[in-house]
Amino acid sequence: ETGVTQSPTHLIKTRGQQVTLRCSSQSGHNTVSWYQQALGQGPQFIFQYYREEENGRGNFPPRFSGLQFPNYSSELNVNALELDDSALYLCASSLLQGSEAFFGQGTRLTVV
Amino acid sequence: AQSVTQPDIHITVSEGASLELRCNYSYGATPYLFWYVQSPGQGLQLLLKYFSGDTLVQGIKGFEAEFKRSQSSFNLRKPSVHWSDAAEYFCAVLTGTASKLTFGTGTRLQVTL
């Protein structure tokens with residue numbers, strides 16, 4: 001059974017650019033959530049996907065968007081990058097809504 | 001709105017000493033509570049969870065936590081800390097139909113030899 005994997009592990013982008021982060025959920029898990037963790041802070045919920053539909057969103061602007069594919073893998077897209085978007089982006093998958101979430105190792109995004 | 005408070009930003013203990021990390025939550029309904037551990041630059045690993053039933057829950061690596069509804073607390077404990085336990089610890093509550101995790105700001109544990 002493979003765990004949650006994220007790619008890339010590190011990324012440097014310039015302000016104003018766009019970025020796509022990828023996540024493969026744990027085998028059999030149909031729910032994927034994305035979190036942003038700024039330095040020295042706890043993770044903040046961005047949004048969740050369940051069976052390819054967005055199923056809840058945190059307090060993030062529309063330039064943060066996502067997709068979930070039929071195999072339950074997911075992408076996080078961020079447009080018009082800002083310096084404050086620099087953070088560790090974590091993906092978590094779960095078998096059912098309301099069950100425990102398993103996290104990937106994260107993607108460290110640096111915006112310069 | 002739901003929230004999680006971890007009052008201790010940084011704790012230092014000696015190896016072999018006992019440990020208690022505090023967590024208080026605010027949530028109107030029955031909470032689903034979690035403790036996660038994070039090593040530097042890494043993702044989050046689930047230590048233990050409370051959904052219902054016995055209020056003392058056992059987790060991995062010798063950790064346990066006790067749910068106290070009257071105090072809105074879910075403190076993490078370990079009888080004897082090992083140097084490898086040094087990490088950041090996060091308490092979280094699961095809320096809403098979107099199964100959103102709301103995290104505390106974390107407690108950094110340092111272990112001295």
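Chain A is the first sequence line, chain B the second, and so forth, proteins listed ahead of strands; every chain is numbered from 1.
- Only the side chain of A/Y35 has a heavy atom closer than 4.5 Å to any heavy atom of chain B.
- Between B/F63 and the choices B/F34, B/Y89, B/Y36, B/W35, the ring-ring contact (aromatic ring centres under 6.0 Å, His included) rule is met once, by B/Y89.
- Within the 4.5 angstrom heavy-atom criterion, no atom of A/E54 approaches chain B.
- Between the side chains of A/Q41 and A/Q36, no donor-acceptor pair is found at a separation under 3.5 Å.
- Within 6.0 Å of CZ in A/R63 there are more than 12 heavy atoms belonging to other residues, nucleotides or ligands.
- Put simply, of B/L44, B/V4, B/T102, the one with the most heavy-atom pairs under 4.5 Å next to chain A is B/L44.
- For B/R22 and B/D8, the salt-bridge test passes: some basic side-chain N is under 4.0 Å from an acidic carboxylate O.
- Proximity to chain B is absent for every atom of A/A92, based on heavy atoms less than 4.5 angstrom apart.
- With respect to B/K78 and B/E20, no salt bridge is recorded, no charged nitrogen being found less than 4.0 Å from a carboxylate O.
- For the options B/Q38, B/R108, B/E88, heavy-atom pairs under 4.5 Å to chain A are most numerous at B/Q38.
- Using a 4.5 Å cut-off between heavy atoms, B/L101 touches chain A through backbone and side chain atoms alike.
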